[in-house]
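Chain identifiers are assigned alphabetically (A, B, ...) following the order of the sequence lines, protein sequences preceding nucleic acid strands; residue numbering begins at 1 within each chain.
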There are 2 protein chains.
Amino acid sequence: MELDNRKQKILKAIIEEYTRTGEPVGSKRIASLLDIVASPATIRNDMAILFDMGLLEQPHTSAGRVPSHMGYRYYIDHLMVPSPISPKEMAAIEAMFNVRDPDPDRLLSDAAQALADYTHCVAISSTTTPPEVLVRHIELIPAAERTVIIMVIASNGAVKSRVCRVDFEVTKNICEFFTNFANARLAGKSINEISSAYINSLTFSVGDYTEVFTSLLTAIYSLCKEINDGQFCTRGMTNLLAYDEMKDFSKDLLLMLGKKERAIELLGDGNFDVRVTVGKENNSMELANASVVAVRYNIGPSRCGTLALVGPVRMEYPKLIPHIEYFARMLSELLSEAMREQP
Amino acid sequence: MELDNRKQKILKAIIEEYTRTGEPVGSKRIASLLDIVASPATIRNDMAILFDMGLLEQPHTSAGRVPSHMGYRYYIDHLMVPSPISPKEMAAIEAMFNVRDPDPDRLLSDAAQALADYTHCVAISSTTTPPEVLVRHIELIPAAERTVIIMVIASNGAVKSRVCRVDFEVTKNICEFFTNFANARLAGKSINEISSAYINSLTFSVGDYTEVFTSLLTAIYSLCKEINDGQFCTRGMTNLLAYDEMKDFSKDLLLMLGKKERAIELLGDGNFDVRVTVGKENNSMELANASVVAVRYNIGPSRCGTLALVGPVRMEYPKLIPHIEYFARMLSELLSEAMREQP
DNA sequence: TTTAGCACTCATTACCTTCAAGTGCTAAAC
DNA sequence: GTTTAGCACTTGAAGGTAATGAGTGCTAAA
């Protein structure tokens with residue numbers, strides 16, 4: 001797909017004007033906007049060609065032109081000039097991260113919230129746990145007479161705990177016995193190997209204690225599963241309601257984003273650095289009128305995550321892409337530090 | 001406000017028919033619906049009186065009548081017959097609770113989700129921590145060379161933990177020292193007394209260790225604050241989008257519910273068993289066209305929570321009120337068991 | 001290749017009419 | 001006194017028509 005210089009400028013101008021106003025753009029407006037000298041008629045000719053190429057659309061004969069999803073694709077791939085983040089904005093973003101709590105579990109959801117607030121889009125953040133993460137240690141802490149806290153620590157620094165009520169009196173002996181037993185069977189195992197079936201098989205090998213320990217082992221399974229599933233959160237859903245052009249679609253889109261398994265789909269396989277998918281490229285009914293900007297980030301050597309933005313096709317890509325990348329970089333640094341793999 | 005028998009029946013019929021259809025109800029329809037024999041003209045006379053009393057409204061002269069918020073108030077207080085939950089529904093609700101994870105922290109959010117799914121409204125659940133809850137114990141668990149897990153256990157069974165990276169090598173001695181120090185100063189104190197200022201004062205009294213322990217003490221403060229703040233979660237926001245009559249208001253309402261401090265307001269002071277507020281009774285712009293059903297529940301002797309439902313004024317009160325009450329009862333039982341106060 | 005000119009298209013708006021639902025009032029019936 | 005039938009009246013919704021104007025596509029000249 002080759003476009004001569006003027007057509008490129010015209011397409012770029014139409015997209016940027018449409019992004020700004022949300023209204024179809026006419027030849028006259030472009031003529032006054034462009035720095036090149038060309039009459040509206042000339043521009044009309046070029047617009048007709050861009051239309052034939054599928055880069056523009058026409059709501060109806062007597063309206064101006066609107067960029068098609070293909071037009072946006074061309075713009076993102078060839079025309080867009082990313083606008084660098086100003087030091088002021090950088091400081092603002094850093095401040096958001098700094099005032100927040102440094103708890104890794106929260107960092108992700110706070111970042112999503114901040115990103116959503118900042119971009120007025122829906123922000124999704126997630127992490128995945130790769131198979132090489134191991135169970136490092138299992139700890140049992142007596143909390144009260146018949147209550148223990150069970151804690152799973154993974155090799156990548158992830159920690160999950162749960163309060164467990166048990167049917168027996170919690171003595172130092174029992175705790176020690178169980179801790180030894182659990183660590184002997186589970187520590188060093190890959191976290192994604194801890195299946196429900198494996199835990200079941202363990203329950204029977206505790207001998208006399210089978211009944212007593214079942215609930216503890218089940219809790220360990222849940223905790224491992226939580227670590228293995230990674231984190232996932234969606235913020236700023238209500239932001240979508242502010243876009244007039246989405247009012248017919250936002251309901252379905254919001255319902256879809258509300259379903260975790262559907263929302264995870266749109267993050268893709270994480271096999272990219274930055275990925276922008278426009279409208280129908282998303283292969284999903286609900287996203288046919290939305291765009292998704294996804295960025296991958298690393299957390300230390302053994303874990304990675306995805307940060308994504310869902311918003312109207314008419315998104316300020318040149319501004320938002322550098323922003324989400326900066327968010328991802330900050331998150332990467334902070335989480336890598338917080339969860340650094342240790343000997 | 002006294003209404004004769006027929007007027008009561010007419011008001012009840014109008015409200016129930018309007019709740020069902022969402023359309024203004026005319027005198028003819030009521031005549032065919034009512035079991036009492038009365039002509040449309042008679043009903044029209046009564047409707048005119050109900051209208052004068054402020055219990056009905058008229059969208060325009062040639063339309064039927066619509067219940068006013070005052071009409072709903074009268075209905076809820078005097079006319080409504082709560083429909084008991086069927087054993088089948090009870091079983092369905094119990095099943096929801098059973099298949100879910102028994103973790104107390106999750107129970108609340110799962111219950112809100114289930115309630116939202118069940119009622120097609122927004123569900124809010126929250127717990128508050130009363131001042132008599134104490135810090136029972138603080139535990140420090142070494143997780144890796146420079147990483148510890150810090151854990152606060154409260155007298156009401158609440159447990160919160162956080163991973164902390166520290167600047168020193170974690171030895172058994174240091175852990176013991178810090179655990180002793182922290183417990184000496186904090187255990188037994190009321191959880192809401194652990195202020196930022198108090199923690200600050202502690203940091204200086206650790207002597208040589210001031211710098212090393214600052215991050216740990218800050219973490220303790222956060223954890224106490226989390227316990228003291230209780231839990232709060234909102235689920236099913238997108239449900240509101242399904243109501244045609246709310247399409248003009250749902251945007252503002254959703255934005256408001258998205259703000260925690262605003263959403264907390266509408267739970268009220270918890271000084272009630274069941275509370276229904278209709279439309280303008282809510283004293284909030286955004287809720288002027290919505291109703292809130294709030295139920296209080298107890299968690300053991302020392303903690304209570306609120307479960308609330310936000311939906312259209314045209315809500316199926318007779319069905320939903322018993323349902324949310326049943327949810328609250330279930331929650332109360334399960335949480336009381338899970339978090340029972342212990343010696 | 002570019003541009004001016006002009007006929008043409010079509011959404012939007014305003015205005016009008018018709019239609020139907022439902023009311024309020026009056027006078028008769030119970 | 002209460003209830004009811006009858007009927008004029010009101011009003012939003014739906015449908016049709018005309019005027020408006022923004023913006024196009026095409027043609028022919030520059």
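The shortest distance between side-chain heavy atoms of L50(A) and L3(A) falls below 4.5 Å. Taking 4.5 Å as the limit, some side-chain heavy atom of I124(B) sits within range of a side-chain heavy atom of L266(B). Side-chain contact between I14(A) and M47(A): present, with at least one pair of heavy atoms (C-beta onward) separated by less than 4.5 Å.
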List the atom pairs, with distances to 0.1 Å, where a side-chain N or O of residues 245-258 of chain B and a protein N or O form a donor-acceptor pair under 3.5 Å, not counting sequence neighbours.
{"residue": "E245(B)", "atom": "OE1", "partner": "R314(B)", "partner atom": "NH2", "Å": "3.3"}
{"residue": "E245(B)", "atom": "OE2", "partner": "R314(B)", "partner atom": "NE", "Å": "2.7"}
{"residue": "S250(B)", "atom": "OG", "partner": "M246(B)", "partner atom": "O", "Å": "3.4"}

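Residue S62(B) places none of its side-chain N or O atoms closer than 4.0 Å to OP1 or OP2 of dT23(C). Distances shown here put a side-chain N or O of S39(B) below 4.0 Å from the OP1 or OP2 atom of dT4(D).
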Intra- and interstrand pairs of DNA chain D - dot-bracket, Watson-Crick/G-U under 3.5 Å, | marks other strand
||||||||||||||||||||||||||||||
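Closest to the side chain of T42(A), from the set dG12(D), dT3(C), dT23(C), is dT3(C).
Aromatic ring pairs are classed by plane angle as parallel below 30°, tilted from 30° to 60° and perpendicular above 60°; the pair Y72(A) and Y75(A) is perpendicular.
No engagement by R29(A) is indicated, since no non-hydrogen atom pair under 4.0 Å with the nucleic acid exists.
Scanning all heavy atoms of the two residues, the minimum distance from V310(B) to M315(B) falls at C-CE, 4.1 Å.
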Taking only nitrogen or oxygen atoms into account, show me every contact under 3.5 Å that the protein makes with nucleotides 25-28 of chain D, one pair per line with its distance.
{"residue": "dG25(D)", "atom": "OP1", "partner": "R65(A)", "partner atom": "NH2", "Å": "2.9"}
{"residue": "dG25(D)", "atom": "N7", "partner": "R44(A)", "partner atom": "NE", "Å": "3.1"}
{"residue": "dG25(D)", "atom": "O6", "partner": "R44(A)", "partner atom": "NH2", "Å": "3.1"}

